[in-house]
Amino acid sequence: MIKNTPTAGCSEYICRTFVIRKTLEMGKDITNRADDYSQWYIDLVKKADLAENSDVRGCMVIKPYGFSIWEKMQQALDKMFKDTGHSNAYFPLFIPKSFLAKEASHVDGFAKECAIVTHYRLKNNPDGSGIMVDPDAKLEEELIVRPTSETVIWNSYKKWIQSYRDLPILINQWCNVVRWEMRTRLFLRTSEFLWQEGHTAHATSKEAEKETLQMLDVYADFAENFMAVPVIKGKKSEGEKFPGAIDTYCIEALMQDGKALQAGTSHFLGQNFAKAFDVQFTNKEGKLELVWGTSWGVSTRLMGALIMAHSDDDGLILPPKLAPIHVVIVPIFRTEEELAKISATVESIATSLRKLGLAVKFDNRDTYKPGYKFAEYEMRGVPVRIAIGPRDLENGTVEVARRDTKEKQVMKMEDVVDEIPKLLEAIQQNIYKRALKFRTENTRKVDSYNDFKKALDETPGFILAHWDGTKESEAAIKEETKATIRCIPLDAPTEIGKCIYSGKPSDRRVLFARAY
RNA sequence: CGGGGUGUAGCACAGCCCGGUAGUGCGUUACGUUCGGGACGUAGAGGUCGGAGGUUCGAAUCCUCUCACCCCGACCA
C-alpha cells in the first residue's frame, strides 16, 4: 500500500489509518449525536464524569466534576438573588400531610408523585433475616418529603407577618426536593433533585407581579450570560401553569435535537397560599388583607440544558463562566529533567493566570500520555488547553487550543497572560452566538395544522403559530402531535391570525415544541 | 403502568441454546521501554455468576418464583 507512490501514498495511508483509528476510538467513547441523541446525552454525562445512576431508583450520584459545575451555577445565581435583596433560609424536608392538603389545586398537582414517610423505627425481623419496619412505630400524621416548599413556608409566614411593616419577605432556599416521577433521566428529570426555590410575600399584587417578572429576568440573564444558552421568556398557558399559581412565567431553551427544555419558572401566586394558610396583614389603613406571594425556581436540570445546548461528539463544551477549570496545561516531556524544566515555566504562567482569577490546572501526571490528556479534557469541556514541550521552551512559545472550535494556535509565551482572558471571553461569546444561530434557524412560523405537523416531524424546533387560547385546542394538539405550548412569549407582537387547530381568531403567535 | 433489555472481577462484556477446570478487553499492581493527539511488553492481584427454591452425581448454563436497575413509551412544576 505504501510502496507505490512514496509521498502521496504514504500520506494517504497515514491519513486513512488516523481516520479509522479515530473512528474506533471515538466509538469507544460516546455515541454520535446523529446516531442516537438520547444515548449521546447519557454517554456524555457518564464519560465527562458529571453523574451516574445510583442504585436507588431514579436517583443520581452527582460526581465531583459535575457538582463543581453546579456549584459555579449556585454561586452566580446566589449573588444575583442577594443583589436583588433576597436572603437564604432553610425549611424542613418533611411536610405534614395536612399542610399539603390546604391548597386544592396544589395538592392535585403533586399528589401523584409524592414520597411519604409513615413510620419512624425499624426492628429486627423475628426470624432474624434482616430488618423490618416496626408496625408499632406508625406516625400519627404522615409526612410528605417536600416536592416543593410553598406549604411549609407559608405556614411559617403566617407567624411572621402581622403588619405591612413585616413585608416584603424575600427568601430563597437551596435544597433538595423529591418528585416520584414515572420515568427519569440524568439531570433532566430525577426523583430527587437539587434546586433553589424563592418564596416571597408582598403587600400588593403589583409588587408581587413585579417580583415575579424580576426573577424571570434574573433567570434569563443567568441562562444567557453565564450558561450561554439563549432563552425565550414567556407565560405558561392555563393548562401548563404551576398548581396553585395565578400565572406561571418561564424561560424556554432549545436543545440541539430540536426539543424544548423549560429552564426556569417564576410564579405569581396571587393570594392563593395566603388564603390557604390564613396569612393576613394589617395595611396602612388599619384593614386586614391577604398577603400576595411569588415563588420561583431553577434546578439541576440546568445542567442538562447546559450539556445539551453546546456539547459535541467529542464531549462537553462548557462556557468559561461556569467551567470549574478554565485552562488546563499539559506538559510534553520524555524525562524527569524535561518535566522539571517545563514545570518551572508552567508555574510562572499558571501563577499569572491565577492572579487574574482563572482556574488553572497543571496536569503533570506521568502515567498518561499527552494525547490521552487532550482527549480527556476535551471530554470534560475545559475551554482552553495549553501544551508546552521542549520545542516550546526553545522557541519561547506555547500551543493554545480552544475547545469550542478545536482550533489550535502557537502563541508567544509573553502573550499568554494577555491573550487567554480574551480567548475565554471569545469562547463565551462564540458558544452563545452558535446556540442563538441554531435557535434562529430552528424556529419556524407556521400557519396551518398540516405544516405544523410536518415541521414537527421533519425539522424539529420551536414553532410560532396562532392558537385560539382555549384549553380544548391546546389539549387536542398535544394529544395528536405531542407538541405543547411552551409559552406565550412576552415579546410576541400583536398579529391577527387564525388558530392552526380550530381556525378561530387569534391575536398573537405562541411558542410550540416537543419538550423534555 | 405498558413494551423491550440487563444483572457474571472496579468497568464493558463473552460463556447459557447443547449442564462437567469461570473467561476476554479495559482498568488496577510491579518492572522495563515509551511520551508534540487516546503507547507497548512481561509478570501478578481481583469473581457469594442479582436472590430464593427446584431438577441433577454435578447448575453461570435447565425449570419455577422473586428482586433490582436501565432504555423506549404513557405521565409529569
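The chains referred to below are lettered A, B, ... by the order of the sequence lines, with proteins before strands, and numbering in each begins at 1.
- In this entry the distance linking CD of A/Glu479 with C1' of B/C76 reads 15 Å, nearest Å.
- Of the C1' atoms belonging to B/C18 and B/G25, the separation is 27 Å, rounded to the nearest Å.
- Distance CD (A/Glu52) to C1' (B/C70): 14 Å, rounded to an integer number of Å.
- Distance noted for atom P between B/C11 and B/C49: 16 Å (whole Å).
- Note: A/His86 and A/Trp296 meet the aromatic proximity criterion, with ring centroids under 6.0 Å apart.
- A 3.5 Å limit on both hydrogen-bonding distances identifies no Watson-Crick or G-U partner for B/U56.
- Here A/Asp363 pairs with A/Arg365 in a salt bridge; the nearest charged N to carboxylate O distance falls below 4.0 Å.
- Going from atom CE of A/Met60 over to atom C1' of B/C70 covers 16 Å, rounded to whole Å.
- Between A/Gln262 atom CD and B/C75 atom P the separation is 17 Å, expressed in whole Å.
- As judged by a 4.0 angstrom heavy-atom cut-off over every strand, A/Gln39 is placed among residues making no nucleic acid contact.
- Using the Watson-Crick or G-U wobble rule with both distances under 3.5 Å, B/A9 pairs with nothing in any strand shown.
- No donor-acceptor contact under 3.5 Å links the side chain of A/Glu399 to the base of B/G37.
- When both pairing distances are held under 3.5 Å, B/C65 makes a Watson-Crick or G-U pair with B/G51.
- In this structure, A/Glu142 pairs ionically with A/Lys97, as a charged nitrogen and a carboxylate oxygen lie closer than 4.0 Å.
- Among the protein residues, A/Gly389 comes within range of the nucleic acid bases, having at least one heavy atom under 4.0 Å from a base atom.
- When the options A/Phe187, A/Tyr219, A/Trp195, A/Phe222 are evaluated for a side-chain contact (heavy atoms from CB on, under 4.5 Å) with A/Leu302, the one that passes is A/Phe222.
- Nearest to the side-chain atoms of A/Lys482 among the listed nucleotides B/G37, B/G73, B/A39 stands B/G73.
- Comparing the P positions of B/A45 and B/U24 gives an interatomic distance of 13 Å, to the nearest angstrom.
- For B/A74, the OP1/OP2 oxygens have no side-chain nitrogen or oxygen of A/Lys112 closer than 4.0 Å.
- Residue A/Glu181 is classed as a base contact, given a heavy-atom separation below 4.0 Å to a base.
- B/C63 and B/G5 are spaced 16 Å apart, taking the P atom of each and rounding to whole Å.
- Remark: the separation of the C1' atoms in B/C62 and B/G15 is 16 Å, to the nearest Å.
- Using the six-membered ring where Trp is involved, A/Phe512 and A/Phe452 have ring planes that are perpendicular, over 60° apart on the 30 and 60° scheme.
- Remark: B/C40 base-pairs with B/G32. Criterion, Watson-Crick or G-U wobble with two distances under 3.5 Å.
- For B/U24, the O4'-C1' to base torsion is more than 90° from 0; the nucleotide is therefore anti.
- In the region residues 182-189 of chain A, proximity to RNA chain B at under 4.0 angstrom, judged on heavy atoms, holds for A/Met182, A/Arg183, A/Thr184, A/Arg185, A/Arg189.
- Remark on RNA chain B: of its neighbouring residues A/Arg57 and A/Ser299, the 5'-side contact belongs to A/Arg57, judged by nearest-heavy-atom nucleotide.
- Contact annotation for A/Pro243: backbone-only contact, meaning every heavy-atom pair under 4.0 Å involves sugar-phosphate atoms and none involves a base.
- For B/G2, the paired nucleotide is B/C72, the pair qualifying as Watson-Crick or G-U wobble because both relevant distances are below 3.5 Å.
- Pair assignment for B/C18 gives none, since no Watson-Crick or G-U wobble pairing has each distance under 3.5 Å.
- Between the P atoms of B/U61 and B/G54, the separation comes to 14 Å (whole Å).
- Nucleotides B/C26 and B/C40 place their P atoms 8 Å apart, quoted to the nearest Å.
- Residues A/Phe226 and A/Met73 have side chains not in contact (no heavy-atom distance under 4.5 Å, counting atoms from C-beta outward).
- For A/Lys369 and B/G36, the shortest distance from a side-chain N or O to OP1 or OP2 is below 4.0 Å.
- If you check every strand for non-hydrogen atoms under 4.0 Å, A/Thr265 touches a base.
- By the side chain to side chain donor-acceptor pair (under 3.5 Å) test, A/Lys241 pairs with A/Glu238, sequence neighbours left out.
- Within the nucleic acid shown, A/Phe242 comes within 4.0 Å of sugar-phosphate atoms alone, with no base atom in reach, counting heavy atoms only.
- Classification of A/Lys406 and A/Asp312 as a salt-bridged pair fails, no side-chain N sitting under 4.0 Å from a carboxylate O.
- Across B/G73, B/C76, B/G37, the shortest atom-to-atom separation from the side chain of A/Phe374 is found for B/G37.
- Note on A/Phe110: nothing from the nucleic acid sits closer than 4.0 angstrom, heavy atoms only.
- At the phosphate of B/C71, neither OP1 nor OP2 sits under 4.0 Å from any side-chain N or O atom of A/Ser38.
- Side chain A/Arg385 to base B/G37: a donor-acceptor pair is found below 3.5 Å.
- Phosphate contact (OP1/OP2 of B/C69, side-chain N/O of A/Asn53, threshold under 4.0 Å): absent.
- Within 4.0 Å of A/Gly264, counting heavy atoms only, lies no atom of the nucleic acid at all.
- Side chains of A/Thr84 and A/Gln214: no donor on one and acceptor on the other come within 3.5 Å.
- Rounded to whole Å, the P atom of B/A14 lies 13 Å from the corresponding atom of B/G50.
- Remark: P of B/C26 and CD of A/Glu376 are 18 Å apart, rounded to the nearest angstrom.
- Of all nucleotides listed (B/C35, B/A39, B/G73), B/C35 comes nearest to the side chain of A/Pro370.
- The ring of A/His199 has its center no closer than 6.0 angstrom to the ring center of A/Phe273.
- Between A/Lys63 and A/Glu52 a salt bridge is recorded (basic side-chain N to carboxylate O distance below 4.0 Å).
- For the pair A/Asp43 CG and B/C70 C1', the computed distance is 13 Å after rounding to whole Å.
- The distance between atom CD1 of A/Ile342 and atom C1' of B/G36, rounded to the nearest whole Å, is 10 Å.
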